[in-house]
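Data first, discussion second: the structure below is written as structure tokens.
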Amino acid sequence: MIKTLHKMGIKSNHMYVAGICSVGLAFASWFASKQTEHAGLDRADRWGIFIGEWAPTFFAMGVALRIEETHRELEESEMETFGKSADMRSRTHAGV
């Protein structure tokens with residue numbers, strides 16, 4: 001999935017921004033629910049927590065995309081340094 005997102009042009013910075021925005025959106029939804037709904041503080045808390053749970057997912061995807069970007073950069077620099085020879089085996093970088 002991460003490789004597909006990377007191929008689609010989604011960068012790690014996009015996911016980091018989405019994570020930060022979801023924190024702001026969680027606060028905004030909590031505040032709006034508290035002010036406009038008559039269901040009480042419990043419902044406002046549920047809205048805030050529901051949207052607030054998105055942030056760690058976005059940040060984790062950002063880290064995974066950063067690893068993918070680093071892996072691709074290392075592969076490209078390796079190809080430039082060593083050339084594209086048929087007998088050269090592919091290396092892995094730091095377990096990635």
Side-chain angles (χ1 to χ4, degrees):
M1 180 177 99
I2 297 300
K3 286 183 182 182
T4 304
L5 289 173
H6 182 70
K7 287 178 184 177
M8 290 171 52
I10 298 174
K11 305 286 184 195
S12 59
N13 290 339
H14 297 139
M15 288 297 164
Y16 296 144
V17 169
I20 291 169
C21 289
S22 70
V23 171
L25 184 62
F27 176 74
S29 68
W30 171 81
F31 187 74
S33 177
K34 184 179 169 195
Q35 295 299 319
T36 60
E37 293 183 331
H38 301 292
L41 187 61
D42 290 341
R43 179 176 271 169
D45 287 346
R46 286 186 199 112
W47 272 112
I49 291 170
F50 172 70
I51 296 174
E53 289 177 346
W54 301 349
T57 304
F58 286 131
F59 287 125
M61 290 175 68
V63 170
L65 281 166
R66 174 64 70 193
I67 291 170
E68 182 68 22
E69 292 163 2
T70 304
H71 181 71
R72 295 290 172 215
E73 289 171 4
L74 288 173
E75 277 184 355
E76 290 171 3
S77 67
E78 184 178 273
M79 289 299 172
E80 290 173 3
T81 304
F82 297 112
K84 295 181 180 179
S85 63
D87 58 308
M88 180 175 250
R89 292 188 299 162
S90 174
R91 293 189 199 174
T92 59
H93 303 284
V96 179

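All heavy atoms count here, side chains included; hydrogens, waters and symmetry mates do not.
Closest of all the heavy-atom pairs between Ala44 and Ser33 is CA-OG, 3.4 Å. Heavy atoms only, all atoms of each residue included: Val23 and Ala55 are closest at CG2-CB, 3.8 Å. Taking every heavy atom of both residues into account, Leu65 and Leu5 meet most closely at CD2-CB, 4.1 Å. A pairwise comparison of heavy atoms in Leu25 and Trp54 identifies CD2-CZ3, 4.1 Å as the closest pair.
In this structure, Glu53 has no side chain to side chain donor-acceptor pair (under 3.5 Å) partners at least two apart in sequence or on a different chain.
In the hydrophobic clustering of this structure, Val63 groups with Phe59; members are Ile, Leu, Val, Met, Phe, Trp, Tyr whose side-chain heavy atoms approach within less than 4.5 Å, directly or through other members. Following chains of ILVMFWY side-chain contacts shorter than 4.5 Å, one can reach Ile10 starting from Ile2, so the two form part of one hydrophobic cluster.
Among pairs with a residue in residues 18-30, those fulfilling side chain to side chain donor-acceptor pair (under 3.5 Å) read Trp30-Asp45, at least two apart in sequence or across chains.
The shortest distance between side-chain heavy atoms of Arg66 and Met15 does not fall below 4.5 Å. Proximity of Phe58 to Tyr16: side-chain heavy atoms (C-beta onward) are nowhere separated by under 4.5 Å.
Checked by atom type and distance alone, the side chain of Glu68 never pairs as donor or acceptor with a backbone atom of His6 at under 3.5 Å.
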